[in-house]
Amino acid sequence: MGETDDELLKNFFAEVSEVERENEVQRILSCFKLNAFEYLNLPFDSSPEDVKRQYRKLSLLVHPDKCKHPQAKEAFGALAKAQQLLLEPQEREYLLSQVNAAKEELRSKRKKLLKKDNASKLKSQVDEGKYEQQYEKSDEYQQQLKMKVRELLTEHEWRRRKMQMRISEEEGRLKKDEEETKEMWKKKREHEEQWEGTREKRVCYQFLSFPVCCKYYSGDLVDYSPTHCYL
């Protein structure tokens with residue numbers, strides 16, 4: 001009977017040295033942060049099952065209880081996050097969309113180069129696409145794809161951060177306008193309250209300032225000014 005996955009892993013880790021564990025920690029921590037495939041050291045066409053198997057293998061390799069590297073915990077956490085992203089449908093779809101966009105750009109660039117290279121162009125046409133399929137499996141192409149994916153992910157993240165910055169700035173402006181409006185209405189209410197509070201004084205002042213009203217009464221001149229009129 002063949003060995004089970006658990007037995008294979010057990011035998012594998014029995015042969016792993018501390019140096020290999022530390023090298024893996026360093027590899028993980030040096031990965032491009034926006035590409036979860038790089039953390040798990042997987043090709044872009046890996047299935048969810050491939051992701052789970054690779055995570056299990058690498059996480060045991062750098063587990064803080066088994067690896068003495070001071071940043072083993074950080075590397076272990078990075079692997080866990082990478083697996084989570086690749087198993088989350090929306091995040092996985094986003095990454096693969098960037099991979100496909102990168103492939104399209106590389107193919108377009110290669111077509112332009114083949115137009116100048118008649119020998120390669122002829123070979124590509126004769127082999128009915130097999131020549132290009134073989135090329136895309138080459139280490140050269142895979143490295144180009146890896147770098148192009150990095151480029152696209154970086155551009156997208158930069159645009160996202162700029163948009164977030166603009167949103168934050170707009171939210172800040174709206175908040176400032178709201179605070180200024182509240183302050184304006186607060187001052188207006190305070191002014192109205194002060195105005196209402198001095199109403200009696202103003203009425204009294206206006207009464208005392210009323211012009212003298214002289215009127216003939218029973219043939220006599222009567223002074224009806226506030227200071228003389230008590231009736």
Side-chain angles (χ1 to χ4, degrees), residues 9 12 16 19-63 67 69 71-117 119-121 123-124 127-164:
L9 279 175
F12 170 74
V16 172
V19 173
E20 288 173 304
R21 292 180 185 274
E22 292 184 356
N23 287 341
E24 184 59 22
V25 170
Q26 292 174 359
R27 183 198 69 78
I28 294 169
L29 296 180
S30 64
C31 284
F32 180 61
K33 298 184 181 299
L34 300 177
N35 187 355
F37 285 103
E38 286 194 31
Y39 279 103
L40 293 174
N41 200 20
L42 286 171
F44 294 121
D45 58 355
S46 300
S47 68
E49 290 303 317
D50 293 332
V51 171
K52 292 177 183 179
R53 281 194 293 270
Q54 185 74 342
Y55 167 73
R56 186 182 181 199
K57 176 181 176 180
L58 297 182
S59 63
L60 289 174
L61 190 62
V62 301
H63 196 286
C67 180
H69 194 286
Q71 292 179 289
K73 185 176 181 180
E74 185 179 347
F76 183 78
L79 289 177
K81 184 177 180 180
Q83 180 193 223
Q84 181 183 1
L85 290 173
L86 292 178
L87 294 180
E88 206 284 313
Q90 188 173 354
E91 291 292 337
R92 182 182 180 86
E93 183 180 352
Y94 163 69
L95 275 174
L96 292 179
S97 70
Q98 299 303 302
V99 172
N100 290 331
K103 287 181 178 179
E104 289 301 318
E105 285 196 29
L106 291 177
R107 285 167 183 165
S108 177
K109 182 180 178 180
R110 182 163 172 79
K111 283 181 181 179
K112 292 179 181 179
L113 292 175
L114 287 176
K115 287 181 180 180
K116 300 177 182 179
D117 185 354
S120 297
K121 181 180 179 180
K123 187 173 182 180
S124 177
D127 291 345
E128 297 182 350
K130 292 181 180 179
Y131 178 70
E132 290 305 306
Q133 291 176 5
Q134 291 176 353
Y135 172 74
E136 291 187 2
K137 291 179 180 179
S138 67
D139 292 340
E140 178 188 356
Y141 174 80
Q142 291 300 320
Q143 183 61 24
Q144 289 180 357
L145 179 60
K146 179 180 178 180
M147 300 310 295
K148 177 56 69 172
V149 170
R150 284 188 179 188
E151 180 184 326
L152 294 181
L153 288 172
T154 300
E155 289 176 356
H156 187 274
E157 178 65 13
W158 173 241
R159 288 195 299 270
R160 186 192 68 79
R161 291 189 183 185
K162 284 183 68 177
M163 181 60 69
Q164 186 61 45

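When reading the values below, keep in mind they use all heavy atoms of this one structure, side chains included, and skip hydrogens, waters and symmetry mates.
- Checked by atom type and distance alone, the side chain of S97 pairs as donor or acceptor with a backbone atom of Y94 at under 3.5 Å.
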Checklist entry - Given the rule in the side chain to side chain contact (heavy atoms under 4.5 Å, CB included) test, do F44 and K103 qualify, once you have shown the distances and angles that lead to the verdict? => result CA-CA 11 Å; F44 294 121; K103 287 181 178 179; 5.7 Å; no
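- Atoms CZ and NZ, from R107 and K111 in turn, are 8.5 Å apart once rounded to the nearest 0.5 Å.
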Checklist entry - How far apart are the C-alpha atoms of H156 and L34, what are their side-chain angles, what is the distance that settles it, and do they pass the side chain to side chain contact (heavy atoms under 4.5 Å, CB included) test? => result CA-CA 10 Å; H156 187 274; L34 300 177; over 6 Å; no
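- Listed by chain and residue number, H63 satisfy the ring pair (Phe, Tyr, Trp, His ring centres under 6.0 Å) test with F76 (two or more places apart in sequence, or in another chain).
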Side-chain donor-acceptor pairs under 3.5 Å in residues 80-87, sequence neighbours left out?
none

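- Put simply, CD on E38 and CZ on R27 are 9.0 Å apart, with the number rounded to the nearest 0.5 Å.
- Smallest separation of non-hydrogen atoms from R92 and P48: NH2-CD, 3.9 Å.
- Side-chain contact annotation: D50 with S47, donor-acceptor N/O pair under 3.5 Å present.
- The minimum heavy-atom distance between E105 and L152, with the atom names listed, is OE2-CD2, 3.5 Å.
- Residues meeting the side chain to side chain donor-acceptor pair (under 3.5 Å) test with R159, sequence neighbours left out: none.
- Between Q133 and E136 there is no side-chain heavy-atom pair separated by less than 4.5 Å.
- R110 has its side chain out of reach of Y141: every pair of non-hydrogen atoms, C-beta onward, lies at least 4.5 Å apart.
- For the atom pair CG of L60 and CZ of R21, the computed distance is 8.5 Å after rounding to the nearest 0.5 Å.
- Interatomic distance, E88 CD to L95 CG, rounded to the nearest 0.5 Å: 10.5 Å.
- Contact between A75 and V25 at its shortest, heavy atoms only, is CB-CG1, 3.9 Å.
- Taking the side chain as every heavy atom from C-beta outward, K146 and R150 approach each other to under 4.5 Å.
- For the atom pair CZ (R53) and OG (S46), the distance works out to 9.5 Å, reported to the nearest 0.5 Å.
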Next on the checklist: Between L96 and F37, does the side chain to side chain contact (heavy atoms under 4.5 Å, CB included) criterion hold? Intermediate values first, please.
Outcome noted: CA-CA 10 Å; L96 292 179; F37 285 103; 4.0 Å; yes
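- The closest side-chain heavy-atom distance from H69 to E24 is not below 4.5 Å.
- Each of N41, V62, N23, L40 was compared with I28 under the side chain to side chain contact (heavy atoms under 4.5 Å, CB included) criterion, and only V62 meets it.
- Between E157 and R161 there is a salt bridge, since at least one side-chain N of the basic residue sits less than 4.0 Å from a carboxylate O of the acidic one.
- With rounding to the nearest 0.5 Å, the separation of CD in Q26 from SG in C31 is 12.0 Å.
- Residues A102 and V149 share a closest heavy-atom pair of CB-CG2, 3.7 Å.
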Item to check | Y39 vs L58, side chain to side chain contact (heavy atoms under 4.5 Å, CB included): CA-CA, chis, key distance, verdict | outcome: CA-CA 10 Å; Y39 279 103; L58 297 182; over 6 Å; no
